[in-house]
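Hydrogens, waters and symmetry mates play no part in the numbers below; they use all other heavy atoms, side chains included. All figures in this text were calculated on a predicted structure; none of them were measured in a lab.
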Amino acid sequence: MKEKFHDLSRNLSTLNLSSCGWKRFPNVLYVSLESTPSFREAHQLCRTLGGEPFKPVDGADYLPHITVGLGIVPWEEEAVWQLAQQTYIPHLSWTCSELILTKDVCGEFTIVDSVSLQPKVLVDH
């Protein structure tokens with residue numbers, strides 16, 4: 001899988017990412033990220049690595065996000081959501097220049113490997 005990971009990374013360049021607000025799943029509060037063509041393409045390429053089967057919620061339309069709260073108890077979900085709605089999230093933008101391969105070990109992510117992503121070079125003919 002590491003070899004496939006390195007091969008895949010050759011097809012990717014740095015990604016410009018932007019936050020775009022609070023979202024939620026049952027028991028989860030997160031900050032969503034703007035769905036740009038390059039971000040969707042990178043995610044789809046990463047899905048081709050294989051490994052463990054994807055969960056139904058991790059389908060083709062899924063985009064990675066920034067998890068803020070995980071395992072929120074059901075009787076507090078609405079209160080946490082209301083508090084989040086009152087909390088300002090600045091519009092953040094940054095460049096992602098590294099791809100990290102992780103393994104889930106009993107709910108903890110362990111880094112297996114990482115690769116640097118290079119800026120896309122525009123060639124003027």
Side-chain angles (χ1 to χ4, degrees):
M1 184 173 270
K2 281 184 176 183
E3 185 177 324
K4 195 172 181 181
F5 175 69
H6 282 268
D7 289 344
L8 172 141
S9 69
R10 290 186 191 102
N11 297 320
L12 296 174
S13 57
T14 56
L15 295 168
N16 295 316
L17 301 174
S18 295
S19 63
C20 58
W22 291 110
K23 300 285 183 183
R24 67 180 176 171
F25 293 132
N27 311 106
V28 179
L29 176 68
Y30 66 97
V31 174
S32 64
L33 300 176
E34 185 179 345
S35 176
T36 63
S38 59
F39 190 27
R40 286 191 308 273
E41 177 188 7
H43 182 252
Q44 291 305 320
L45 278 172
C46 290
R47 288 177 53 85
T48 67
L49 279 174
E52 292 185 23
F54 288 95
K55 298 173 186 161
V57 296
D58 298 332
D61 293 334
Y62 169 89
L63 271 183
H65 53 271
I66 302 169
T67 301
V68 177
L70 180 63
I72 301 169
V73 293
W75 56 89
E76 289 295 334
E77 275 187 88
E78 191 58 34
V80 170
W81 177 245
Q82 293 304 318
L83 183 59
Q85 295 301 293
Q86 298 168 22
T87 305
Y88 172 72
I89 298 177
H91 181 76
L92 302 173
S93 295
W94 66 97
T95 300
C96 175
S97 58
E98 184 177 27
L99 192 61
I100 299 173
L101 178 64
T102 61
K103 179 179 181 180
D104 182 348
V105 179
C106 299
E108 296 289 328
F109 289 102
T110 302
I111 295 175
V112 176
D113 204 353
S114 66
V115 293
S116 294
L117 300 175
Q118 302 304 314
K120 188 172 277 191
V121 178
L122 299 175
V123 178
D124 188 12
H125 293 282

For a 4.5 angstrom cut-off between non-hydrogen side-chain atoms, does [X] reach [Y]?
{"X": "F109", "Y": "D104", "result": "yes"}
{"X": "K23", "Y": "S32", "result": "yes"}
{"X": "F25", "Y": "E77", "result": "no"}

Can L17 and T95 be said to form a side chain to side chain contact (heavy atoms under 4.5 Å, CB included), step by step? CA-CA 6 Å; L17 301 174; T95 300; over 6 Å; no
Closer than 3.5 angstrom, by distance alone: can the side chain of [X] be matched with the main-chain N or O of [Y] as a donor-acceptor pair?
{"X": "T102", "Y": "I111", "value": "no"}
{"X": "D113", "Y": "L101", "value": "no"}
{"X": "W22", "Y": "T87", "value": "yes"}

What is the minimum heavy-atom distance between [X] and [Y], and which atoms define it?
{"X": "C96", "Y": "L117", "answer": "O-CD1, 4.1 Å"}
{"X": "S114", "Y": "H6", "answer": "O-CE1, 4.2 Å"}
{"X": "F5", "Y": "I100", "answer": "CZ-C, 3.9 Å"}
{"X": "F39", "Y": "E34", "answer": "CD2-O, 3.4 Å"}
{"X": "W81", "Y": "L29", "answer": "CE3-CD1, 3.7 Å"}
{"X": "L33", "Y": "C20", "answer": "C-SG, 3.7 Å"}

Working to the nearest 0.5 Å, report the span between [atom1] of [X] and [atom2] of [Y].
{"X": "L8", "Y": "L45", "atom1": "CG", "atom2": "CG", "result": "5.0 Å"}
{"X": "E41", "Y": "C46", "atom1": "CD", "atom2": "SG", "result": "10.5 Å"}
{"X": "D7", "Y": "L49", "atom1": "CG", "atom2": "CG", "result": "10.0 Å"}
{"X": "N16", "Y": "S38", "atom1": "CG", "atom2": "OG", "result": "7.0 Å"}
{"X": "Q82", "Y": "Q86", "atom1": "CD", "atom2": "CD", "result": "7.0 Å"}
{"X": "T36", "Y": "L15", "atom1": "OG1", "atom2": "CG", "result": "7.0 Å"}

Taking atom CH2 of W75 as the centre, report whether more than 12 heavy atoms of other residues, nucleotides or ligands fall under 6.0 Å from it.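 Result for CH2/W75: open.
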Give a yes or no on whether Q85 atom CD has more than 12 heavy-atom contacts from other residues, nucleotides or ligands under 6.0 Å away. yes
Thinking salt bridges, do K103 and E108 make one under a 4.0 Å N-O criterion?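 Salt bridge: no.
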Answer with yes or no whether the hydrophobic clustering places L12 together with V112; edges join I, L, V, M, F, W, Y residues whose side-chain heavy atoms lie under 4.5 Å apart. yes
Under the side chain to side chain contact (heavy atoms under 4.5 Å, CB included) criterion, do V31 and H65 qualify, and how do the steps go? CA-CA 6 Å; V31 174; H65 53 271; over 6 Å; no
